[in-house]
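The structure appears right after this line, and notes come after that.
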There are 2 protein chains.
Amino acid sequence: MRISAKGRYALASVIHMAQHHHGGESITLIKISERLGISKIYLEQVFSLLKRGELVTSVKGAQGGYLLSRAPQQVSVLDVLTAVETSLFDRTEDTVAQRAPEIEFAMRKCAFQALDDAVSSALMQVTLEDLVLASEKHKGDDAAMYYI
Amino acid sequence: MRISAKGRYALASVIHMAQHHHGGESITLIKISERLGISKIYLEQVFSLLKRGELVTSVKGAQGGYLLSRAPQQVSVLDVLTAVETSLFDRTEDTVAQRAPEIEFAMRKCAFQALDDAVSSALMQVTLEDLVLASEKHKGDDAAMYYI
DNA sequence: ATAAAACATACTTATTTAATAGGATATTGA
DNA sequence: TCAATATCCTATTAAATAAGTATGTTTTAT
């Protein structure tokens, strides 16, 4: 399934924050932008969504920035992506409901609902802490292992 | 996760075929089009993909049409959607690989790969036969139950 | 021969994604 | 107070993808 740039930027940003800024210290978007190579202006939109999702809090003004609202082990990938991705579960349209409601029903119940449940439970299990640990483990490894 | 119109049309079509045309009898796109309320011209494109994916075979000329290549219990939703959907697993682009390869690695390994596995295994388990049974069960039910 | 069908290609339109632009607002510190 | 540094807000643009049309050509049964 396709995760959009917005979702990937959000996840990468939040991993970076968890890696480096534990003690209530905020980080600015410019720093994240430079560190990860993401447009700062675009990051603003991403963080607007993250804030609405209550994953980060902001400090305005000079010396301001963002910090994680919760500890990394209490933030799941599902939390991050639902805050930011438009079509992680968005699939409301009817397909053949008017003329073949029983087919519509079967598709929804057996396929789409099962799919959503699977996505949800898979992403729920992975926390920011897991991601930080995996990234630290990788730092020591051979770079050739990077591409699977 | 969002399944495109193409994927939903393909699935609905193939359910319809499994419902009504068991004994080697072909069905035309016009009939499917009329029965399900889908543009016939668009269906042609969908069936071109289904054929490439070896889910249906075609009979050209008058009295021609399409039939399922395999028995309904041997066709999974995953088969149908992979034949037709462009971005069921399509997610090759790098996000922050250049500047933060360890973050890229962690996202891929812990989040995206887990997601793909979950999607794959969920859709693999549901067969066309399951969908037909569910739709027949629904026919008897109260129509009010339709929207969950 | 003719009608009915699949098959093929090109085109158009609408929607979504990605990114940019230009400011408004708030806060710190000199 | 003022300048610098941030977040915050809204609108716009550009590119990509999705959705659907249009117009044929081939093939085959009758």
Side-chain angles (χ1 to χ4, degrees), chain A residues 1-10 12-13 17 21 25-34 36-53 55-69 81 84-88 90-96, chain B residues 1-10 12-13 17 21 25-34 36-53 55-69 81 84-88 90-96:
Chain A
M1 113 167 253
R2 179 161 196 283
I3 300 297
S4 72
K6 220 189 285 185
R8 302 195 311 268
Y9 291 164
S13 298
M17 291 170 79
H21 297 269
E25 184 192 1
S26 71
I27 182 176
T28 67
L29 289 191
I30 290 187
K31 279 193 185 145
I32 297 177
S33 160
E34 286 168 351
L36 301 183
I38 304 171
S39 147
K40 180 241 173 188
I41 296 181
Y42 195 49
L43 268 187
E44 288 180 348
Q45 295 179 33
V46 173
F47 272 76
S48 155
L49 295 170
L50 287 176
K51 192 186 174 187
R52 183 192 302 171
L55 289 160
V56 300
T57 54
S58 64
V59 181
K60 288 186 78 170
Q63 319 307 326
Y66 289 93
L67 20 75
L68 292 175
S69 304
L81 293 185
V84 148
E85 285 283 323
T86 56
S87 57
L88 200 58
D90 187 23
R91 199 195 44 250
T92 48
E93 321 140 60
D94 281 346
T95 304
V96 292
Chain B
M1 108 167 256
R2 180 160 194 286
I3 300 298
S4 73
K6 220 189 288 184
R8 302 195 310 270
Y9 292 163
S13 299
M17 291 171 78
H21 296 269
E25 187 191 1
S26 71
I27 184 176
T28 67
L29 289 192
I30 289 186
K31 280 195 185 141
I32 297 178
S33 160
E34 286 168 353
L36 300 183
I38 305 170
S39 148
K40 181 239 171 190
I41 297 181
Y42 196 47
L43 267 189
E44 289 181 346
Q45 295 178 32
V46 173
F47 271 76
S48 155
L49 295 170
L50 287 176
K51 193 186 173 187
R52 184 193 300 172
L55 289 160
V56 300
T57 55
S58 63
V59 181
K60 288 186 79 170
Q63 319 306 327
Y66 287 94
L67 19 75
L68 292 175
S69 304
L81 293 184
V84 148
E85 285 284 322
T86 56
S87 58
L88 200 60
D90 188 23
R91 201 195 44 246
T92 47
E93 322 139 60
D94 281 346
T95 304
V96 293

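Proteins get letters first, then strands, A, B, ... in listed order; numbering begins at 1 in each. None of the values given here were measured: they were computed from a predicted structure.
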Original post:
Hey, where on DNA chain C does chain A first and last touch, going 5' to 3'? Cut-off is any atom under 4.0 Å from a heavy atom.
Top reply: dT17(C) to dT28(C)

Original post:
Where do Y9(A) and K6(A) land on the side chain to side chain contact (heavy atoms under 4.5 Å, CB included) test, with the steps shown first?
Top reply: CA-CA 5 Å; Y9(A) 291 164; K6(A) 220 189 285 185; 5.8 Å; no

**OP:** For T86(B), answer base if it contacts any base atom (sugar-phosphate contacts may also be present), sugar-phosphate if it contacts only those atoms, and nothing otherwise; contact means non-hydrogen atoms under 4.0 Å.
**Re:** sugar-phosphate

Original post:
I32(A) and Y66(A): side chain to side chain contact (heavy atoms under 4.5 Å, CB included), yes or no, with the steps?
Top reply: CA-CA 10 Å; I32(A) 297 177; Y66(A) 289 93; 5.9 Å; no

Subject >> Atom pair distance, as rounded to whole Å: OH in Y42(A) and P in dT7(D) >> reply: 17 Å

Original post:
Across the strands shown, which category fits R52(B) at heavy-atom distances under 4.0 angstrom: base, sugar-phosphate, nothing?
Top reply: nothing

**OP:** Identify whether any heavy atom of K40(A) sits under 4.0 Å from a base atom; if not, whether one sits that close to sugar-phosphate; answer base, sugar-phosphate or nothing.
**Re:** base

Original post:
Considering only heavy atoms from C-beta outward, does the side chain of L43(B) approach that of S13(B) to under 4.5 Å?
Top reply: yes

Subject >> Any S58(A) side-chain nitrogen or oxygen under 4.0 Å from OP1 or OP2 of dC8(D) >> reply: yes

Original post:
Atom CD1 of I38(B) and atom C1' of dA19(D): how far apart are they, to the nearest Å?
Top reply: 13 Å

Subject >> Length of the CD1-P vector between I41(A) and dT7(D), whole Å >> reply: 12 Å

Original post:
Any side-chain donor paired with an acceptor under 3.5 Å for R2(B) and S87(A)?
Top reply: no

**OP:** Assign each of Q45(B) and L29(B) to its nearest nucleotide of DNA chain C by heavy atoms, then name whichever residue's nucleotide is nearer the 5' end.
**Re:** L29(B)

Original post:
How is R2(A) classified with respect to the nucleic acid when contacts are heavy atoms under 4.0 Å: base, sugar-phosphate, or nothing?
Top reply: sugar-phosphate

Original post:
Distance from L36(B) atom CG to T95(A) atom OG1, nearest 0.5 Å?
Top reply: 10.0 Å

Original post:
For dT17(D), does either OP1 or OP2 sit under 4.0 Å from a side-chain N or O belonging to S4(B)?
Top reply: no

Original post:
Which part of the nucleic acid, if any, lies within contact of Y66(A), taking any heavy atom under 4.0 Å across all strands shown: a base, the sugar-phosphate backbone alone, or nothing?
Top reply: sugar-phosphate

Original post:
For the pair made of CE in M1(B) and P in dA18(D), what is the distance, rounded to whole Å?
Top reply: 11 Å

**OP:** Could you go through the side chain to side chain contact (heavy atoms under 4.5 Å, CB included) check for L88(B) and M1(B) one step at a time?
**Re:** CA-CA 9 Å; L88(B) 200 60; M1(B) 108 167 256; 3.7 Å; yes

Original post:
Is the phosphate of dG20(D), meaning OP1 or OP2, less than 4.0 Å from a side-chain N or O of Y9(B)?
Top reply: yes

Original post:
Atom CD in E25(B), atom CG in L67(B): separation rounded to 0.5 Å?
Top reply: 9.0 Å

**OP:** Starting from C1' on dA6(D), measure out to CD1 on I32(A) and report it in whole angstrom.
**Re:** 13 Å

**OP:** Report the residue (V59(A) or E44(B)) whose heavy-atom-nearest nucleotide on DNA chain D is the more 5′ of the two.
**Re:** V59(A)

